[in-house]
Amino acid sequence: MNAIDNGQFTIKKASNVREGVFLSESGKSAEITIWCRDAKTCKLCLYEENKLRHKIPMFSMKEMGAQDLFSVRLEGQGLVDFLNCFEYTFEADRRIVNDPFMRAVAGRDVFGKKPGKLRGRFCLESFDWSDENRISIPYEDMILYQCHLRGYTKHSSSGVKHPGTFAGFCEKIPYIKELGVNTILFLPLYDFNERMYADEKKINYWGYTGDACYFAPKASYAVEGADAVREMKQMIKTLHQNGMNLFLDMHFVDRSPEFILKCLIYYVTEFHVDGFLVNSQVVSEEWLLADPFLRNCKFLSGDWKRAERVGGERKLAQFNDEYMTVARRYLKSDEGQAGDFYQCFRKDEKEMGRIHYITQKNGFTLRDLVSYDVKHNEANGERNTDGTEFNYSWNCGQEGVSRKRVVNQMRLRQTKNAFCMLFLGLATPMLLAGDEFGRSQKGNNNAYCQDNASTWLDWSLLEKNQQIYKFCHQLIQFRREHPLYQRREILSGMDTLGVGAPGVSCHGIEPWEANFSYYSREVGILFYGTYYSGKSLYIVFNFHWDAHDFYLPVINATKKWNVILDTDDEKQKKSNVKKYMVSPRSVVVFESVE
């Protein structure tokens with residue numbers, strides 16, 4: 001077979017040592033490079049309508065010291081239009097090799113369908129980023145929202161034109177903005193193999209697998225698979241135009257440090273991604289802080305060893321289950337949790353951010369956390385042996401769906417208590433998408449293989465559970481408006497300003513007498529307004545099954561407080577109080593009377 005035999009294009013030896021496909025600024029030439037380990041020869045194979053049309057010989061870069069690195073330069077008028085007609089692979093010593101740096105994928109255009117031949121697509125068009133208005137949101141101003149792109153709009157109740165796609169998500173951005181969320185953390189958006197299991201009924205819904213094309217947006221998340229790059233960029237641009245940031249969950253398996261860094265830089269420069277969730281076991285903070293692009297980007301991981309501010313802003317943040325475990329155990333009234341909860345709730349660090357969550361994609365939803373004592377993963381086909389046994393949940397008196405008024409009232413209050421624990425602490429809060437309107441997975445705490453109504457967001461719940469939604473919305477707005485959460489100085493347990501009280505302090509039923517004994521379930525936390533130029537807040541957590549009178553701390557001449565929130569809905573809000581009866585399993589927020 002001839003190489004390119006139409007006389008329009010010339011084939012030359014390239015000088016490019018960067019792996020992948022790169023177009024010249026003029027658009028009249030492209031250089032294509034691949035490393036085929038230990039190969040003697042390599043050819044670029046171009047396919048049209050599933051038929052091999054051209055084989056183009058590639059040149060070894062042996063004179064540069066890499067004899068199994070192959071590259072070719074194509075030149076000619078109309079090159080972009082010509083290449084866009086084809087899919088491509090490589091033939092290295094008679095074996096077919098895919099480009100690990102392919103920027104678009106063919107063969108996986110329909111989610112869950114058995115894939116065809118996996119090949120690369122040329123992605124050579126430019127994208128118009130004008131009027132993007134991209135900003136960097138500091139951790140102290142951030143409201144994170146963990147979301148599965150497909151599951152967010154796939155349910156018929158979503159009402160979008162293109163369910164389960166980048167375009168479908170764009171239709172929900174006004175809702176997200178109204179909720180008060182300003183940063184989206186997506187589960188993997190790169191192209192992964194969802195049909196990785198021997199059991200063909202199982203789907204890898206989350207996308208955590210090494211069988212992935214990391215540089216390519218997932219084709220089946222686009223309205224048209226061939227247009228996935230443009231559609232994902234348009235979604236990101238729309239988020240930025242609405243004052244939001246976007247983080248990607250990047251799960252690298254068996255990839256070199258060089259590959260990982262190139263991939264992260266690619267998404268920052270080409271897709272304008274604002275941050276990433278990565279595994280610090282395979283991504284070093286030393287690499288990130290040493291790169292001019294990545295050091296200005298935000299990174300979340302479970303165990304950073306060190307961090308430093310860049311341009312006065314924290315870039316690295318701890319993202320792990322520490323707070324989730326402590327908060328869940330305290331919420332369900334386990335013994336010995338009061339002291340640990342206070343320390344986590346008030347934790348504030350100068351150089352490193354912290355992300356707190358009570359639910360995330362791996363585990364119970366918030367609705368299930370207050371509805372099930374144990375996991376119910378039978379639908380996963382593993383005899384309920386998968387998923388963690390340690391959920392630290394409480395069903396409030398009955399397992400699963402209940403019609404009992406007393407059970408549902410307690411579940412509503414526990415949900416509100418959990419929202420207070422999430423949004424009123426000093427760390428950056430992360431909400432799991434759908435928790436704001438009571439989404440359930442029917443007790444499945446490991447829904448990694450469920451691509452169905454159990455994981456898709458049922459938007460009809462938004463109307464049914466308006467009380468939950470409104471409470472969540474109220475807390476997010478409160479956090480975004482109150483000066484405590486916009487502070488730029490770190491609050492410590494010391495009176496660093498010499499004003500008679502520390503920035504944050506812990507109390508019990510009696511002020512200034514914290515009780516961290518094994519059986520204590522009562523915590524009062526004071527944020528002193530002088531340290532952030534605002535009104536002081538006093539937050540009382542009573543997770544005992546009995547009501548308690550709390551005497552409030554004296555911090556100014558009036559010696560009084562206003563009740564601005566009580567998760568016991570049956571109690572009327574009070575003003576100018578010095579003492580307050582806090583109901584069982586309730587949270588009350590007071591604001592100082594100036």
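Being a predicted model, the structure only gives us computed values, none of them experimental.
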Novice: Is it true that the side chains of Tyr323 and Gln318 contain a donor and an acceptor less than 3.5 Å apart?
Specialist: no
Novice: With Asp368, which residues qualify under salt bridge (Lys or Arg N to Asp or Glu O under 4.0 Å), at least two apart?
Specialist: none
Novice: Passes salt bridge (Lys or Arg N to Asp or Glu O under 4.0 Å), Glu335 versus Arg521? Steps please.
Specialist: CA-CA 7 Å; Glu335 293 90 349; Arg521 294 172 174 85; 3.3 Å; yes
Novice: For residues 506-515, run the donor-acceptor check on the side chains, cut-off 3.5 Å, and write out each pair with its distance to 0.1 Å, sequence neighbours left out.
Specialist:
residue : atom : partner : partner atom : Å
His507  : ND1  : Trp512  : N            : 2.7
His507  : NE2  : Ser505  : OG           : 2.9
Asn515  : OD1  : Ser517  : N            : 3.0
Asn515  : OD1  : Ser517  : OG           : 2.8

Novice: Is there a side-chain contact between Val504 and Asp348 in this structure, where contact means two heavy atoms from C-beta onward sitting under 4.5 Å apart?
Specialist: no
Novice: Are side-chain N/O atoms of Thr359 and Asp435 paired as donor and acceptor at under 3.5 Å?
Specialist: yes
Novice: Which residue, Tyr152, Tyr221, Tyr175, forms the ring pair (Phe, Tyr, Trp, His ring centres under 6.0 Å) with Phe169?
Specialist: Tyr152
Novice: Is it the case that over 12 heavy atoms from other parts of the model lie below 6.0 angstrom from the CD atom of Glu594?
Specialist: yes
Novice: Could you check whether Asp321 and Tyr357, counting side-chain N and O atoms only, form a donor-acceptor pair closer than 3.5 Å?
Specialist: yes
Novice: When you compare the side chains of Gln414 and Asn417, does any donor N or O come within less than 3.5 Å of an acceptor on the partner?
Specialist: yes
Novice: Are Phe345 and Phe541 close enough that their ring centers fall under 6.0 Å?
Specialist: yes
Novice: When you compare the side chains of Lys298 and Ser136, does any donor N or O come within less than 3.5 Å of an acceptor on the partner?
Specialist: yes
Novice: Are the side chains of Leu185 and Phe319 in touch, meaning some heavy atoms are under 4.5 Å apart?
Specialist: yes
Novice: Go through the structure and list residues passing side chain to side chain donor-acceptor pair (under 3.5 Å) with Arg295, not counting sequence neighbours.
Specialist: none
Novice: Considering the options Glu313, Arg488, Gln486, which one meets the side-chain contact (heavy atoms from CB on, under 4.5 Å) requirement together with Glu140?
Specialist: Arg488
Novice: Check the side chains of Ser586 and Arg413 for a donor-acceptor pair under 3.5 angstrom, ignoring hydrogens and angles.
Specialist: yes
Novice: Could you list the residues that satisfy salt bridge (Lys or Arg N to Asp or Glu O under 4.0 Å) with Glu286, not counting sequence neighbours?
Specialist: Arg306
Novice: Once side-chain hydrogen bond (donor to acceptor under 3.5 Å, both in side chains) is applied, what residue pairs with a partner in residues 525-536 remain, sequence neighbours excluded?
Specialist: Asp495-Tyr531
Novice: Does either side chain, that of Asn452 or that of Gln450, offer a donor lying less than 3.5 Å from an acceptor on the other one?
Specialist: yes
Novice: Give me the ring orientation class for Trp456 and His155: parallel if the planes are under 30° apart, tilted from 30 to 60°, perpendicular past 60°.
Specialist: perpendicular
Novice: Looking at residues at least two apart in the chain, or sitting in another chain, which of them share a salt bridge (Lys or Arg N to Asp or Glu O under 4.0 Å) with Lys332?
Specialist: Asp334
Novice: Among Leu457, Asp458, Leu179, which residue meets the side-chain contact (heavy atoms from CB on, under 4.5 Å) test with Phe437?
Specialist: Leu457
Novice: Quick one, Asn377 with Asn446, criterion side chain to side chain donor-acceptor pair (under 3.5 Å). Give me CA distance, side-chain angles, the key distance, then yes/no.
Specialist: CA-CA 7 Å; Asn377 297 357; Asn446 188 35; over 6 Å; no
Novice: Looking at Asn245 and Asn182, would you say the former's side chain and the latter's main chain have a donor-acceptor pair under 3.5 Å?
Specialist: no
Novice: Taking the side chain as C-beta and beyond, is there a heavy-atom pair between Asn562 and Asn576 under 4.5 Å?
Specialist: yes
